[in-house]
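Source: prediction; values computed, not measured.
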Amino acid sequence: MAASSHLTVALNRAEPFSGCNSLPSLIGLSTRFGKSRLLLVRTSSWRSPKRTLVVRNVSSEPTQKLKDPVADEESATGASTFEPDSSSIAASIKYHAEFTPLFSPDRFDLPKAYFATAQSVRDALIINWNETYELYEKLNVKQAYYLSMEFLQGRALLNAIGNLELTGAYAEALSKLGYELENVACQEPDAALGNGGLGRLASCFLDSLATLNYPAWGYGLRYKYGLFKQKITKDGQQEAAENWLEVGNPWEIVRNDIKYPIKFYGKVVVGSDGKKNWIGGEDIEAVAYDVPIPGYKTKNTISLRLWSTKATTEDFDLAAFNAGEHTRASEALASAEKICHVLYPGDDSFEGKVLRLKQQYTLCSASLQDIVARFERRSGANKKWEEFPEKVAVQMNDTHPTLCIPELMRILLDLKGLSWEEAWNITQRTVAYTNHTVLPEALEKWSFELMQKLLPRHVEIIELIDEELVRSIVSKYGTEDKVLLRGKLKELRVLENVDLPAAYSDIFIEPEASSIITSASNSVDDKNSAKLVKSVDGDETDEGNDELIPPPPPPPKMVRMANLCVVGGHAVNGVAEIHSEIVKDEVFNAFYKLWPEKFQNKTNGVTPRRWIRFCNPDLSTLITKCTGSEDWVLNTEKLGELKKFADNENLQNQWRIAKRNNKLKAAAFLKERTGYTVSPDAMFDIQVKRIHEYKRQLLNVLGIVYRYKKMKEMSAAERKEKYVPRVCIFGGKAFATYVQAKRIVKFITDVGATVNRDPEIGDLLKVIFLPDYNVSAAEILIPASELSQHISTAGMEASGTSNMKFAMNGCILIGTLDGANVEIRQEVGADNFFLFGAEAHEIAGLRKERAEGKFIPDPRFEEVKDYVRSGVFGAYDYEEMIASLEGNEGFGRADYFLVGKDFPSYIECQEKVDEVYRDQKRWTRMSILNTAGSYKFSSDRTIHEYAKDIWDIKPVELP
């Protein structure tokens, strides 16, 4: 390598330092790796735009003495140049192996190779990262901030070097060091920062924001133990703590200088200046950990800022510790740290509810304090609070970050001294809300009393917001029609079962004359409603000795977070066309009638970089050949050009070869993870997603049971003629306290254990449950998929994003008209989508029919239930699971998710799947058209829409 080539590494810094402008001009360090020598240099000023560490390979220099690094830098073509040749990369990896050590120095094994490789990539990212940040600071651009409780990132190494266009160079460099890139990459654990589609969507959005050069950051929490690591035993799903941080995370940089106070409990007092002050209580600190998010073919590198919680050193009670009270001594530390221990801690207990609310407030408070501090710093002496919404856009990903609204109000009112009118105007113009669910239980409500105790100042603010809303409702509907007004207030208010604000407390009081009559009437009603109780001898007591049964307790006072989101933000969006219509027509219909201009649709999307370009290189090569360039990776509309090649025999042959290669890889992966051997010649039929009754994994596995039963009733020849060989693959986690979902996981594994060991069936049917499904597993399974099941009860899936990933990879979907399935089917063509089941507008009527006892189950559904009850799948008692599909009413009964209703349509559709799969030419054509039709479902398109319609931000590209 030429002596002039170099790798530049910027200092680990994302915020400007103050008071450090005259540090020593340079510090040099050289070290020898064989014939290569690395030189590290720090230039003169922390604030200098050429502030860098320079790593040079100087093996070709005739002498070993240090040269003048400042002169070298000035003579070079540019301090931030990164020449991606394998020699400089190998030198960088070897440098980190020795000088950024996390392992013993005596060997260079795979884990050490991974960390050194990741650190060398991070060096390259830091240059662009700092330059991106400095450009945002210099231009003082409007910036979007995406707040989410989840970011399901997946592995970072291959994605980062892919976006930097260094995959080949890193593969060659590692080969020189004795390793394969793929083996090194496999050492990286998935970041345990999310669980399902909500977190994966957030991560796709960050990738698109960086790629499209939009000024934006993500904010989340740094969970030490994640949701859980799923293990499958004979008893079903078992949960264990994630260990992804056990040996450190090379992608994150702790910002010890960026931390904010977070308060819980305490009380609100009024100061001598009339301002409210929140004092006392429990105080902790939120510390920033930054993760770089590189864009594809751009220098733009944005931040995912994760908060970790801790107590100060002063909170450690040394006296108690020395007195032997070790637990009490560290109570404050443990209480602070546990906030970021687990994603979605169980909340059946009061303590669990408190912890969840603490998590949500920590995310909101730390992030808002950080955003406000950045606004003040960038504004300098010209700070104007009314311009805050012109510089800041805050997007709440579902209801978890709802406390952003009262927290921003608190900061503006109590800390910055703004009036209520000013603060409320700023907040509403700044904040926007994405709704992700129509399930009532997922539209969060919090106990008013709990929130009042934990966040007393925020409850005061929420009460005033509720009063603002009541004023708007009364203004809109008037007071003449009391029934209408009462209904609107009940439906719309943020506070549920809470008395009206004082200013409106008399709104339903009748005139004085009628109130006397009403009072008397109520008195009579109260007497008449008193129930007689039995005396000791069994006779009813007379009226004079009636023992009145106490009235039922009043309903609990609640804070409705979704309502607060709608009231406090300027935009509300659904995430698929059908979902956005349900949001307007059902979920928030009264709000839509009040403020129709707030409601929008933003159909979800997924990044084509991770989900085709990097995880499916064989298919990517074919797409590039057909479209003539790699432009499709940034402009997915180019995928539409594949339509004209759908019948091309040569392309179809190559398409099938690419799919088979991916199936071979997936088969090896399944063998390693589950022990089961599957045939790559069988159809790969996959359903991977969070385990939930509405997603209907139960419908899928009951269909498999029916298929298995019918196979067992046939001869070998009949089976072979009737059925296409199929590998049915499941993956996903059931929440730890969701009993029915865990029963379904157990049932799937029991069916698999029976079917997979049946010698009569052999490779004709396999049932695999992949434990601990995550992004890395998806990157193997999705390219190998041929049929993917998206079979939720119509109207209950907001969008789904895995359906988009599968379609992009040429997988054909079987599904209901739910979520994004509707739009996918429109784009790929109805003939290229296997449709079954009831439609969303029919669901309410079907449930009513069931409640009235009019539903008649299909005999095939009764047959499959009886087969399960026969014990063929083991001794486990599945009566409660099956019973949930029976009866006409009652909690956990009456088949709320319409499995029985859709079962006949589903198995008939599966028969059609078999028929089409036998015609591989037709199937391959459908596969190509699915990839071609997926062009619309890039997260790049979605982000452009958010940027234009909600955030009002513009791309800012580094020179």
Can you name the residues that form a ring pair (Phe, Tyr, Trp, His ring centres under 6.0 Å) with Phe833, not counting sequence neighbours?
none
Taking only residues two or more places apart in sequence or in another chain, which ones pass side-chain contact (heavy atoms from CB on, under 4.5 Å) with Asn662?
Asn616, Pro783, Ala784
So for atom CD, which belongs to Glu852, do other residues, nucleotides or ligands contribute more than 12 heavy atoms lying within a distance under 6.0 Å?
yes
Minimum heavy-atom separation for Ala794 and Ile843, please, with both atom names.
O-CG1, 3.4 Å
Taking ring pair (Phe, Tyr, Trp, His ring centres under 6.0 Å) as the test, write out the residues that go with Phe614, two or more places apart.
none
Is the backbone N or O of Ala734 less than 3.5 Å from a side-chain atom of Gln237, with the two atoms forming a donor-acceptor pair by type?
yes
Parallel, tilted or perpendicular: rings of His692 and Tyr738 (30°, 60°):
perpendicular
Mark yes when over 12 heavy atoms from residues, nucleotides or ligands other than Arg918 sit less than 6.0 Å from its CZ; otherwise mark no.
yes
Polar side-chain atom of Thr931 near backbone of Gly810 as donor-acceptor pair, under 3.5 Å
yes
What closest approach, in Å, do Tyr723 and Leu764 show between heavy atoms, and which atom pair accounts for it?
O-CD1, 3.7 Å
Per the ring-ring contact (aromatic ring centres under 6.0 Å, His included) rule, what does the pair list look like for residues 784-819, sequence neighbours excluded?
His790-Phe806
Side chains of Tyr906 and Gln789: do they bring a donor and an acceptor to under 3.5 Å?
yes
Please check: side-chain N/O of Arg893 versus main-chain N/O of Asn888, any donor-acceptor pairing under 3.5 Å?
no
Specify whether Phe769 and Phe730 have parallel, tilted or perpendicular ring planes, treating 30° as the upper limit for parallel and 60° as the lower limit for perpendicular.
parallel
How about CD on Glu713, more than 12 heavy atoms from neighbouring residues, nucleotides or ligands closer than 6.0 Å, or not?
yes
Derivation and outcome, side-chain contact (heavy atoms from CB on, under 4.5 Å), residues Thr636 and Lys936
CA-CA 7 Å; Thr636 52; Lys936 178 183 174 182; over 6 Å; no
What are the two closest non-hydrogen atoms of Ile814 and Cys909, and how far apart are they?
CD1-SG, 3.9 Å
In terms of heavy-atom contacts, His579 and Val438 come closest through CD2-CG1, 3.7 Å
Whether the Asn821 and Asn803 side chains hold a donor-acceptor pair (N or O, under 3.5 Å, no angle test) is what I'd like checked.
yes
Test side-chain contact (heavy atoms from CB on, under 4.5 Å) applied to Ser802 and Lys689, Arg200, Gln687, the passing residue
Lys689
For Gln153, does its backbone N or O pair with a side-chain atom of Arg610 as donor and acceptor, under 3.5 Å?
yes
Results of side-chain hydrogen bond (donor to acceptor under 3.5 Å, both in side chains) for Asp750 - residues two or more places apart only:
Lys746, Tyr878
Quick one: which residue pairs count as a salt bridge (charged side-chain N to carboxylate O under 4.0 Å, His left out) with a foot in residues 855-878, not counting sequence neighbours?
Lys709-Glu863, Lys710-Glu863, Asp858-Arg860, Arg860-Glu908, Glu862-Lys865, Lys865-Glu886, Arg869-Glu879, Arg869-Glu886
Determine the minimum heavy-atom distance between Arg690 and Gln697, stating which atoms define it.
O-NE2, 3.0 Å
Do the side chain of Asp818 and the main chain of Glu797 share a donor and acceptor less than 3.5 angstrom apart?
yes
Presence of salt bridge, Arg726 and Asp914, under 4.0 angstrom:
yes
Whether the Ser776 and Asp190 side chains hold a donor-acceptor pair (N or O, under 3.5 Å, no angle test) is what I'd like checked.
yes
On the ring face of Phe855, is Lys901 found with NZ or CZ under 6.0 Å from the centre and within 45° of the axis?
no
Test: Lys659 and Glu786 ion pair at under 4.0 Å:
no
Tell me whether Asp902 contacts the main-chain N or O of Ala838 through its side chain, where contact means a donor paired with an acceptor under 3.5 Å.
yes
Any donor and acceptor pair, going by atom type alone, linking the side chain of Lys805 with main-chain N or O of Trp611 inside 3.5 Å?
no
Does Gln238 have more than 12 heavy atoms from other residues, nucleotides or ligands lying within 6.0 Å of its CD?
yes
Please determine whether side-chain contact (heavy atoms from CB on, under 4.5 Å) holds for the pair Leu702 and Val868, giving the CA-CA distance in whole Å, both sets of side-chain angles, and the decisive distance to 0.1 Å.
CA-CA 9 Å; Leu702 288 176; Val868 173; 4.2 Å; yes
Arg673 side chain vs Leu770 backbone, donor-acceptor pair below 3.5 Å
no
Could Lys733 and Glu242 be called an ion pair, given the rule that one side-chain N must be under 4.0 Å from one carboxylate O?
yes
Does atom NZ of Lys712 have more than 12 heavy-atom neighbours from other groups under 6.0 Å away?
yes
Counting distance only, does the side-chain N/O of Glu150 pair as donor-acceptor with the main-chain N or O of Leu198 below 3.5 Å?
no
Give me the ring orientation class for Tyr867 and Phe873: parallel if the planes are under 30° apart, tilted from 30 to 60°, perpendicular past 60°.
perpendicular
